[in-house]
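Scroll down for the structure; my scribbles are underneath it.
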Amino acid sequence: MSTNRIIIILSKEEKESIMIITKHGNKRIKERLGLPKRAQNRHINVVLKNGVLASRKGFEGFKIIYHGFLYIFSLTNKLEPILVTTYQNTNTLYVVE
């Protein structure tokens, strides 16, 4: 019986695009979405690409809605996004400022 192995070679850009997620954000993704740690970076990159911008606070941070969840991000000094927490989206209307 043979086993198939998949080898993924990451480009330099993909290695550098690893998402920063706070400890609190890790717990909330696990609790509310059921995703293990190894899948969280991929999921957050998909959220950033395909999510809808809910609000923005200049250089402080922003919120994105994706598949019924609200993702709250902050920004580093280099303007890289950091996931702070995740909420299940309620019926509240979010408007892009």
Side-chain angles (χ1 to χ4, degrees):
M1 191 173 189
S2 66
T3 59
N4 295 331
R5 293 185 184 210
I6 299 172
I7 298 173
I8 298 173
I9 300 172
L10 296 175
S11 68
K12 189 176 181 181
E13 296 166 358
E14 290 172 333
K15 286 180 184 176
E16 292 175 357
S17 71
I18 292 177
M19 187 70 209
I20 300 171
I21 302 174
T22 62
K23 195 176 198 179
H24 178 78
N26 278 330
K27 289 180 183 178
R28 295 303 157 249
I29 289 178
K30 176 70 175 170
E31 176 185 316
R32 296 181 178 142
L33 297 169
L35 290 175
K37 283 188 178 182
R38 64 182 179 272
Q40 291 178 3
N41 281 330
R42 285 179 293 185
H43 179 71
I44 296 306
N45 284 327
V46 169
V47 167
L48 288 171
K49 289 178 186 174
N50 301 329
V52 176
L53 185 65
S55 69
R56 200 168 115 207
K57 294 182 179 180
F59 292 112
E60 295 176 15
F62 56 94
K63 299 175 185 176
I64 291 181
I65 297 175
Y66 183 72
H67 284 289
F69 287 91
L70 178 68
Y71 297 84
I72 300 176
F73 292 89
S74 181
L75 296 173
T76 64
N77 293 338
K78 296 179 183 179
L79 300 179
E80 297 171 343
I82 301 173
L83 178 70
V84 177
T85 191
T86 302
Y87 293 111
Q88 192 164 10
N89 192 12
T90 59
N91 292 331
T92 310
L93 250 166
Y94 292 97
V95 178
V96 177
E97 296 174 354

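Count residues from 1 along the sequence.
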V47 and L83: CA distance, side-chain angles, deciding distance, side chain to side chain contact (heavy atoms under 4.5 Å, CB included) verdict: CA-CA 11 Å; V47 167; L83 178 70; over 6 Å; no

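Put simply, CD on Q88 and CG on L70 are 11.0 Å apart, with the number rounded to the nearest 0.5 Å. Summarising the geometry, atom CZ belonging to F73 is positioned 5.0 Å from atom CD1 belonging to I64; distances are rounded to the nearest 0.5 Å.
Within the structure, every pair that satisfies the salt bridge (charged side-chain N to carboxylate O under 4.0 Å, His left out) test and touches residues 29-42, not counting sequence neighbours, is listed here: R28-E31.
A pairwise comparison of heavy atoms in L35 and Q40 identifies O-NE2, 3.4 Å as the closest pair.
S74 places no side-chain N or O within donor-acceptor distance of the main-chain N or O of I82, the cut-off being under 3.5 Å.
Considering N41, V84, T85 as possible partners of I21, the one that fulfils the side chain to side chain contact (heavy atoms under 4.5 Å, CB included) test is N41.
Residues Y66 and T86 fail the side-chain proximity criterion, which asks for heavy atoms closer than 4.5 Å.
Y71 and H43 have their aromatic ring centers within a separation under 6.0 angstrom.
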